[in-house]
Amino acid sequence: MHYDYNKNEVPSNNNKINTFEKYINLDFTSFQNAIKFYLQLESKYKKNFKDKDTDLSENIKYQNIFRENGFSGFVLSDDFGNSLEINFAPLLNGNFLLIKKNCNQTLISTCYDFFGQDGTHIARDDKNNSTILFVDVIDMDPKSSILSHLYNILSYEYLQAKSGLCDTVRVKTIESLLASLTTPFKNEFINSTNDLCFKKLHEKLIEKEKDSTLTYTEKEIAKKILFENRLKIIKTKERAHKLPFSYILKHWVIRGGLFFYLLHLSPKKNFKGMSYQYTIGLLIQFIRVVKNNIGYSVALAIYGPFTFYFITQPMNPHAMWAVGKVRQSYLNTVEKIKSTAIEYHLLDDAEELLPKNANASGKISGNTSTSAVVGTSAAASVTTNTNTNTNTNTNTNTNLNIVPKLMNFPISSDMKEIPSWDERMSQFKNFQIGYEEHLQFSARMGRLEQMETQLNFSLIAESTYVELEKYLDVIDDFFQNNKLLAEAFPQLKKYLENEKQRTLQLEIYLWDKLIRYAYDHKYIVMDSSHEQKYVDFYIGRYFVFLKKMTLELEKKFNKLQKPVGFEKLEKLASFYKAKYVDGETVEKRLKNNSLLFSLKDNLDGQALRDVISRQWEILFLLQNKAQEASNFGLQTYTWSVRNAIWILEALYSNKLQELRMILLQVKSLNENKDKVKDNSDLKIKEQKKYITENIEPLYESLIHLLMLEYVSIRPEIEKRLTTDIESLQRQLVIKNCLSFLDERTALMNSLGAVKQ
């Protein structure tokens with residue numbers, strides 16, 4: 001059902017049996033249109049703009065909702081047991097959520113509409129998994145709780161702008177919405193002193209002043225809060241509607257008059273209160289400040305012994321930040337004294353200010369250099385290279401003088417003195433302090449979620465699949481172009497046929513794990529709650545690859561069955577593929593599709609953090625929708641699967657190299673079986689030696705690691721994950737690899753490729 005938003009009306013309400021059903025499934029192309037429509041609907045059934053809970057109009061009852069659980073809106077109900085509830089709320093990621101709930105005597109239907117920061121409609125769902133943004137509860141527009149909530153969102157964003165965190169797109173959306181409103185929603189008193197919100201606030205001030213149960217101090221606290229709210233309203237509306245300075249000036253004049261008016265309401269009580277506050281009250285306040293400072297001094301005195309304890313607690317960013325500031329202040333002071341001493345020739349060697357073997361933590365170490373002190377004080381400062389195409393040998397640490405001696409690439413042995421373990425750990429301590437000072441805990445953890453969850457797993461899986469496919473291509477090519485040779489070596493033929501089956505089995509395992517991974521990480525990988533702020537193609541490449549892999553496996557296996565919900569993965573694949581912008585070169589394609597490469601300087605870490613740190617915070621919050629134990633368990637499980645997939649990639653990389661050598665040996669043996677041994681025999685011996693000394697040791701390590709990874713976690717995977725088949729799958733993968741080793745040994749024996 002569509003509604004013409006250009007008409008200043010709402011659908012008629014003549015059906016008393018199903019009064020509100022027609023409002024639940026309305027389609028809105030934008031957040032602005034949706035708000036305008038429901039404001040009109042609210043106005044129709046709200047008799048006046050006073051704060052009454054139930055105004056009757058056409059037997060419809062109206063109830064106001066102002067920021068309950070983060071939402072604002074209204075409820076309409078009739079005498080037949082039908083009701084309509086309209087609520088909206090801002091989301092933490094900058095989007096908007098509109099909830100429409102229709103209730104009758106037997107059924108409750110709920111619809112969740114998600115709108116982007118710019119107001120465009122994103123998705124509709126039957127549930128809400130988003131994180132609500134809670135803002136202040138100040139009655140900025142008594143006519144409607146929806147309008148009041150919108151003003152409060154603007155007030156919050158304006159405050160965020162002072163720290164550089166304002167969501168400017170959302171601000172523009174709300175400002176344009178407020179500017180486009182028409183009567184009766186438009187505040188015709190916005191540029192005057194008759195604004196209803198100020199009248200109500202002034203009434204509350206007078207009520208507090210007249211309240212005989214409150215003491216003078218309690219009244220002042222209550223009035224201070226109301227005056228602060230008044231100032232927020234003035235600043236918000238002045239900025240939102242771009243009002244002239246005279247608007248603020250008028251309200252300052254009114255505030256002065258209001259102050260004196262409140263004084264004369266209780267002159268005796270106010271005089272006594274002010275006399276006490278500015279005489280004896282000042283003395284008592286001074287004593288309290290001294291008392292508090294003594295306590296603070298004692299706290300500082302006992303702070304020193306706990307410094308080491310705080311530093312060893314990286315999960316406590318506030319303690320780390322405090323320790324880092326104290327430590328950095330000390331180091332900066334030392335550097336300032338040293339530079340001043342050199343400048344005024346007070347010392348020939350300013351390094352005499354500290355023991356020559358003192359490191360940044362103040363401890364004496366046996367093998368340190370004075371450059372270590374400077375290096376720590378600078379906190380490993382990096383000189384950003386704005387031209388990424390320049391010589392990569394640029395020394396980024398201004399305190400290291402390294403002259404590369406090998407391939408124009410610096411290595412540790414080029415350093416004059418390699419730092420001791422104690423000194424290096426001190427620098428890592430400084431590294432951690434800086435890391436925690438510049439990024440909140442949620443952003444740091446979210447960065448790991450992006451790297452480990454969104455990106456690494458899918459790339460490892462894709463790389464493994466490519467190795468498996470290359471291996472299959474070599475086998476298929478051999479059978480197509482060497483049919484006679486395959487018949488001449490039946491054991492090789494049987495080995496390759498079994499290898500093909502084993503490889504296809506591992507491709508099925510890999511496909512299943514990719515799907516399971518998406519389902520297990522639906523909020524981070526699939527963004528099922530539509531809360532992520534920045535989404536580029538490389539985050540969604542996972543889905544594009546999975547769809548491609550699925551199509552290829554469907555050609556190989558007629559009975560391949562997609563799991564329930566797979567259509568969501570296919571839709572995501574289409575979505576991300578459509579986002580991809582092609583280009584002539586790899587560099588151009590990266591710039592077209594990557595948030596990082598779109599920056600002016602893609603090596604500027606601070607520039608990246610400025611635009612993506614909020615995304616990291618959102619990823620941290622998304623992952624924590626589950627309980628802490630669930631997160632740790634899922635993480636352990638995922639790492640185990642990822643390690644198994646990586647081992648298969650490394651295993652098949654070596655198998656591919658070995659298979660090519662084996663096929664060359666077979667061809668050589670077949671060509672020279674009736675000839676005298678020639679130089680080709682020497683080449684075969686060299687290949688056998690390479691296999692024995694390089695490839696077989698890797699087989700040993702990889703198979704050992706594959707077994708160890710599974711067996712070490714098997715009790716929990718097998719007995720606790722009662723509905724999971726990973727334990728069974730992993731056993732089959734191990735059996736697959738062990739059968740390969742058995743058949744390989746037999747084949748090598750038949751070809752005479754065993755150790756002499």
Side-chain angles (χ1 to χ4, degrees), residues 1-8 10 23-43 65 67 70-74 86-100 111-125 128-135 140-141 143-161 165-182 185-187 190 236-237 239-242 527-535 575 578-579 611 614-615 618:
M1 180 177 182
H2 294 271
Y3 172 70
D4 188 356
Y5 307 103
N6 296 320
K7 296 181 179 179
N8 189 18
V10 297
Y23 300 134
I24 189 69
N25 291 319
L26 290 175
D27 295 329
F28 298 100
T29 58
S30 71
F31 176 71
Q32 294 93 326
N33 289 337
I35 292 298
K36 288 180 185 178
F37 174 78
Y38 287 114
L39 283 174
Q40 293 171 5
L41 185 65
E42 179 186 28
S43 174
I65 300 175
R67 226 215 66 174
F71 291 88
S72 289
F74 59 88
I86 302 298
N87 277 314
F88 98 96
L91 300 181
L92 186 64
N93 64 346
N95 295 339
F96 300 94
L97 171 60
L98 180 66
I99 300 181
K100 299 173 285 183
C111 178
Y112 298 88
D113 280 322
F114 294 88
F115 298 89
Q117 299 159 302
D118 59 353
T120 57
H121 188 267
I122 297 177
R124 172 171 291 179
D125 206 341
N128 172 34
N129 294 315
S130 302
T131 304
I132 305 301
L133 173 66
F134 287 84
V135 295
M140 294 198 182
D141 199 320
K143 297 191 300 299
S144 170
S145 60
I146 294 177
L147 291 175
S148 190
H149 201 155
L150 289 171
Y151 278 118
N152 278 284
I153 298 171
L154 285 179
S155 178
Y156 166 80
E157 293 293 355
Y158 293 154
L159 183 63
Q160 291 291 98
L165 299 176
C166 175
D167 197 328
T168 55
V169 178
R170 176 156 61 185
V171 169
K172 291 178 182 177
T173 301
I174 298 177
E175 287 180 347
S176 63
L177 170 59
L178 294 173
S180 65
L181 291 177
T182 57
F185 320 109
K186 187 173 183 179
N187 194 339
I190 191 65
T236 300
K237 291 193 174 182
R239 184 168 178 176
H241 297 284
K242 299 175 176 57
D527 191 22
S528 60
S529 58
H530 313 293
E531 293 183 77
Q532 295 187 30
K533 193 174 180 68
Y534 297 106
V535 179
F575 169 76
K579 288 179 67 68
V611 298
R614 191 158 186 184
Q615 167 76 354
I618 291 172

Enquirer: Check whether the side chains of Asn152 and Ser155 place a donor and an acceptor atom closer than 3.5 Å, and report yes or no.
Expert: no
Enquirer: Quick one: do Lys533 and Ile618 satisfy side chain to side chain contact (heavy atoms under 4.5 Å, CB included)? Show the steps, please.
Expert: CA-CA 8 Å; Lys533 193 174 180 68; Ile618 291 172; 4.0 Å; yes
Enquirer: Can Arg239 and Glu175 be said to form a salt bridge (Lys or Arg N to Asp or Glu O under 4.0 Å), step by step?
Expert: CA-CA 9 Å; Arg239 184 168 178 176; Glu175 287 180 347; 5.4 Å; no
Enquirer: Is there a side chain to side chain contact (heavy atoms under 4.5 Å, CB included) between Asn95 and Ile122 once you walk through the steps?
Expert: CA-CA 9 Å; Asn95 295 339; Ile122 297 177; 3.8 Å; yes
Enquirer: Does Gly73 offer a backbone N or O that forms a donor-acceptor pair with the side chain of Ser145 under 3.5 Å?
Expert: yes
Enquirer: Kindly state whether the ring of Phe115 and the ring of Phe96 have centres lying under 6.0 angstrom apart.
Expert: no
Enquirer: From Ile132 CD1 over to Leu92 CG, what is the distance, rounded to the nearest 0.5 angstrom?
Expert: 9.5 Å
Enquirer: Mind running side chain to side chain contact (heavy atoms under 4.5 Å, CB included) on Gln32 and Leu181 for me, showing each step along the way?
Expert: CA-CA 10 Å; Gln32 294 93 326; Leu181 291 177; over 6 Å; no
Enquirer: Got a donor-acceptor contact below 3.5 angstrom from the Ser43 side chain to the Leu39 backbone?
Expert: no
Enquirer: Atom CG in Asn33, atom CZ in Phe28: separation rounded to 0.5 Å?
Expert: 8.0 Å
Enquirer: Taking the six-membered ring of Tyr151, is the NZ or CZ of Lys237 close enough (under 6.0 Å from the centre) and on axis enough (within 45°)?
Expert: yes
Enquirer: Report yes if some heavy atom in the side chain of Val169 is under 4.5 Å from a heavy atom in the side chain of Asp118; otherwise report no.
Expert: yes
Enquirer: Assess whether side chain to side chain contact (heavy atoms under 4.5 Å, CB included) is satisfied between Phe71 and Leu98, documenting all intermediate values.
Expert: CA-CA 9 Å; Phe71 291 88; Leu98 180 66; over 6 Å; no
Enquirer: Quick check against the 3.5 Å criterion: does Glu157 have a side-chain atom that pairs as donor or acceptor with the backbone of Cys166?
Expert: no
Enquirer: Aromatic ring centroids of Phe88 and Phe31 under 6.0 Å?
Expert: yes
Enquirer: Taking side chain as C-beta onward, heavy atoms only, is Ile146 less than 4.5 Å from Phe74?
Expert: yes
Enquirer: Where the side chain of Arg67 meets the backbone of Ser148, is there a donor-acceptor pair that is under 3.5 Å apart?
Expert: no
Enquirer: List the atom of Ala123, the atom of His530, and the distance in Å for their closest heavy-atom pair.
Expert: CB-NE2, 3.5 Å
Enquirer: Rounded to the nearest 0.5 Å, how far apart are NZ of Lys172 and CG of Asp167?
Expert: 10.5 Å
Enquirer: Look up atom CG in Leu41 and atom CD1 in Ile86, then write down how far apart they are to the nearest 0.5 Å.
Expert: 7.0 Å
Enquirer: Within the side chain of Tyr534, is there an N or O that forms a donor-acceptor pair under 3.5 Å with the backbone of Val611?
Expert: yes
Enquirer: Between Ser130 and Ser529 (side chain of the first, backbone of the second, donor and acceptor by atom type, cut-off under 3.5 Å), is there such a pair?
Expert: yes
Enquirer: Measure the shortest side-chain to side-chain distance between Asp113 and Leu97 over non-hydrogen atoms and say whether it is less than 4.5 angstrom.
Expert: no
Enquirer: So, do Gln117 and Thr173 sit near enough that their side-chain heavy atoms are less than 4.5 Å apart?
Expert: no
Enquirer: Quick one: closest heavy-atom pair of Glu531 and Asn129, and the distance?
Expert: OE2-O, 3.0 Å
Enquirer: Locate the shortest heavy-atom distance separating Leu178 from His241; write the atom from each residue and the value.
Expert: CB-CE1, 4.1 Å
Enquirer: Are any non-hydrogen side-chain atoms of Asp527 and Gln532 less than 4.5 angstrom apart?
Expert: yes
Enquirer: What I want to check is whether the side chains of Glu42 and Ser144 have a donor and an acceptor closer together than 3.5 Å.
Expert: yes
Enquirer: Mind checking whether His149 and Val135 have side chains closer than 4.5 Å, heavy atoms only?
Expert: yes
Enquirer: Out of curiosity, Asn93 CG to Thr131 OG1, how far, rounded to the nearest 0.5 Å?
Expert: 8.0 Å
Enquirer: To the closest 0.5 Å, what do you measure between CD1 (Ile35) and CG (Leu150)?
Expert: 6.0 Å
Enquirer: Evaluate the side-chain proximity of Pro90 to Ile153: yes if any heavy-atom separation is below 4.5 Å, no if none is.
Expert: yes
Enquirer: Considering all heavy atoms of both residues, which atom of Thr236 and which atom of Met140 are nearest to each other, and what is their separation?
Expert: OG1-CE, 3.9 Å
Enquirer: Under 6.0 Å from the ring centre and within 45 degrees of the ring axis: does the NZ or CZ of Arg124 meet both conditions for the six-membered ring of Phe114?
Expert: no
